[in-house]
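A quick write-up on the structure given underneath.
If you're wondering where the values come from, they're calculated on a predicted model, not measured in any experiment. First the proteins, then the strands, lettered A, B, ... as listed; each starts at 1.
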Amino acid sequence: MLPLEFIRRHPDEVKRAAELKGEEAPVDELLELDRQWRQCLTVAENARAQQNHLSKQYAKTRDPQDLRNVKEIGEEAKRELAKAEDLKRRLDDLLLRVPNLFAPDVPIGKTEADNVRLREWGEKPTFDFQPRTHYDLGESLGIMDFEHPAHIAGSRFGGLLGAGARLQRALVQFMLDTHVAEHGYREMYVPFLVNSEAMVGTANLPKFGGDSFRVADRDLWLVPTAEVPVTNWHRDEILDLAQLPILYVAHTPCWRSEAGAAGKDTRGYIRMHQFEKVELVKLTSPETSGEELEALMANAEAILQRLGLHYRVLFMCTGDMGFAQYKKYDLEAWCPGLERYLEVSSCSVFQDFQARRANIRYRPAPGQPPRFVHTMNGSGLALARTLDAVMETFQQADGTILVPEVLRPYMGGLKRIAG
RNA sequence: GGGGAGGUGGCUGAGUGGUCGAAAGCGCCCGCCUGCUAAGCGGGUAGGGGGUGUGAAACUCCCUCGAGGGUUCGAAUCCCUCCCUUCCCGCCA
């Protein structure tokens, strides 16, 4: 969230950012509540101060009249304090609904058409036959299945079999090993269910609860991304500057309700209720967050490059970047069968927006007051779609799939998937 | 799931109704001392919020001892509920 004081001083800047992001920002309502709250709080605290004072006096005098006075003022303090607390609760709730600002260099725009293509890596592969889609290939080879999962769980679930399941696992292993051994991340294993506080910390709540699955009768949510448990790992902690930057990588399943996602462009192993992802998360000092984001994105790109997948990098415009992000890049891998790019990674920095919510701080120097860290994350990479891109890119005329070199050690040396 | 113990500042840990936002130690900061370092000596050091207000001060008030509620003029301290940690038993992959 944004500091209340910042909103007080720069309401127009906050409103402008929200508008350009296509988000609602209850700034006026918030400021009015803020005014009422502070007024009420002053009255309440003055009453409480009087009460404290009179109470001490009564301790000395034991005068019944003093007792009557202190009781009376005590009642008033209680009433006013309750009023102030109610106002503060409403204020805090609104505060959690104000979107983050965006970086000065973020392109202004409304839709994905306004995103800026920063660069492309490699070239679209060419085929001397009509390339097939991953689901077509996968179902023919018997390594990808949508019917059985639908039967046991419903639509928007996919399943993998044999070499398909193993190929996904190989991708996960390859990604984890690369990020740990070569990019300096620390591997983590984390809960796949998190409480509401954690969801608020990363800004998945209160506004976006509808995007995630909640466990019935419990305050637990299925993680929509490892970002939630990993970023919240250090909630309410004060870190040492020497610990920063903290680099974490975690592989988790992710669950998303994908409400309203049915229809066009969603056929295949693309937008599932459940998918695997290797997620990169960094906690940094404010001074280094800019360069750390670029490095994080480069780490994600390295995976695509080693797999030999053609991809492009998009600088997301204000309208397409989201509530909490300060800056966001998408990596999109080319899928020759689908004849379109699929988003396989989204790399974002939040500045201290999440850190304020999750209360993650660091001490810049011994003896100095704590400051909020900066948080950022990016997929490194999202699994279902990376698997799709691999299958479609390395398919052969006979319907088999060549296994990329870097994955072969993870496939028991298998060079070609033939079903 | 049943029973016991416990959750206090950056950390360890005292504290069972006002003298406690909290002993002591560690850590950290400032100063002194010492040929350097170490040791020693003195002082300082929780967080959040409100008001007034300046150039970043200063002053003042309120809240916070796991969370929430209650008793009381007054709660870290007493009562209730919940969460978490830990030990023993049970169960289980």
Identify every side-chain donor-acceptor pair in residues 350-357 of chain A under 3.5 Å, counting partners at least two apart or on other chains, and give the distances.
from      : atom 1 : to        : atom 2 : distance (Å)
Asp352(A) : OD2    : Arg356(A) : NE     : 3.2
Asp352(A) : OD2    : Arg356(A) : NH2    : 3.1
Gln354(A) : OE1    : Thr375(A) : OG1    : 2.7
Gln354(A) : NE2    : Thr202(A) : O      : 3.2
Gln354(A) : NE2    : Glu227(A) : OE2    : 2.8
Arg357(A) : NH1    : Val200(A) : O      : 2.9
Arg357(A) : NH1    : Leu205(A) : O      : 3.1
Arg357(A) : NH2    : Leu96(A)  : O      : 2.4

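Closest approach to the Arg48(A) side chain among C73(B), C62(B), G49(B) is made by C62(B) (side chain taken as heavy atoms from C-beta onward). Looking at the side chain of Arg361(A), the nearest of the listed nucleotides G48(B), C63(B), C73(B) is G48(B). In the set G49(B), G10(B), G47(B), G10(B) carries the atom at the smallest distance from any side-chain atom of Ile238(A).
Look at Glu85(A) and Lys88(A) and you find no salt bridge, because none of the NZ, NE, NH1 or NH2 atoms lies under 4.0 Å from a carboxylate O. With respect to Arg90(A) and Asp86(A), a salt bridge is recorded, a charged nitrogen being found less than 4.0 Å from a carboxylate O.
Between C83(B) and C91(B), the distance separating the two C1' atoms is 23 Å to the nearest Å. Nucleotides A57(B) and U64(B) are separated by 26 Å at their P atoms, to the nearest Å. On the C1' atoms, U54(B) is 25 Å away from U45(B), given to the nearest whole Å. On the P atoms, C32(B) is 31 Å away from G48(B), given to the nearest whole Å. Going from the C1' atom of G1(B) to that of G9(B) covers 37 Å, rounded to whole Å. Here the separation of A5(B) from C63(B), taken at their P atoms, is 32 Å to the nearest Å. Between the C1' atoms of U86(B) and G66(B), the separation comes to 15 Å (whole Å). Between C65(B) and U77(B), the two C1' atoms lie 10 Å apart (nearest whole Å).
Remark: P of A46(B) and CD of Glu237(A) are 21 Å apart, rounded to the nearest angstrom. Atom-to-atom, CG of Leu239(A) to P of G10(B) comes out at 13 Å; the value is rounded to the nearest Å. G18(B) atom P lies 15 Å from atom OH of Tyr58(A), rounded to whole Å. Spacing between atom CZ of Arg62(A) and atom P of G74(B) amounts to 12 Å, rounded to whole angstrom units. As a whole-Å value, the separation of Leu4(A) CG from G48(B) P is 15 Å. Taking atom NZ on Lys56(A) and atom C1' on C61(B), their separation rounds to 12 Å, with Å as the unit. Put simply, CD on Gln39(A) is 17 Å from C1' on C62(B), counting in whole angstrom units. Between the CG atom of Asp240(A) and the P atom of C11(B) there is a distance of 11 Å, given to the nearest Å.
Using a 4.0 Å heavy-atom cutoff across all strands shown, Thr42(A) reaches sugar-phosphate atoms only and no base atom.
Both Asn46(A) and Arg363(A) lie near RNA chain B, and the one whose nearest nucleotide falls closer to the 5' end is Arg363(A).
Proximity of Gln51(A) to the phosphate of G74(B): a side-chain N or O atom is located under 4.0 Å from OP1 or OP2. Remark: Arg8(A) is in phosphate contact with G50(B), judged by side-chain N or O atoms under 4.0 Å from OP1 or OP2. Applying the 4.0 Å criterion to OP1 and OP2 of C62(B), one finds that Asn52(A) has a side-chain N or O inside that range. Put simply, Arg38(A) has a side-chain N or O that comes within less than 4.0 Å of OP1 or OP2 on G51(B).
In terms of the ring pair (Phe, Tyr, Trp, His ring centres under 6.0 Å) criterion, Tyr326(A) has no residue partners (sequence neighbours excluded).
In this structure U45(B) sits in a base pair with G27(B), meeting the Watson-Crick or G-U test at under 3.5 Å. Base pairing of C32(B): its partner is G40(B), meeting the Watson-Crick or G-U wobble criterion (both donor-acceptor distances under 3.5 Å). Of the nucleotides present, G51(B) is the one that pairs with C59(B) by Watson-Crick or G-U wobble criteria, both distances under 3.5 Å. Pairing for A76(B) is absent, with no Watson-Crick or G-U wobble pair whose two atom distances lie under 3.5 Å. Pairing for G1(B) goes to C89(B), judged as Watson-Crick or G-U wobble with the two contacts each under 3.5 Å.
Here the shortest heavy-atom pairing between Phe6(A) and Glu13(A) reads CZ-OE2, 3.8 Å. Across all their heavy atoms, His179(A) and Gly380(A) have their closest contact at NE2-O, 2.8 Å.
In summary, the side chains of Glu279(A) and Tyr248(A) do not present any donor paired with an acceptor at a separation below 3.5 Å, with no hydrogens or angles considered. Side chain to side chain, Asn69(A) and Gln65(A) meet the donor-acceptor criterion of an N or O pair below 3.5 Å.
Ring centers of Phe323(A) and Phe208(A): under 6.0 Å apart, within the cut-off.
Listed by residue number, Leu67(A), Val70(A), Lys71(A) are the residues of residues 67-97 of chain A with a heavy-atom contact under 4.0 Å to RNA chain B.
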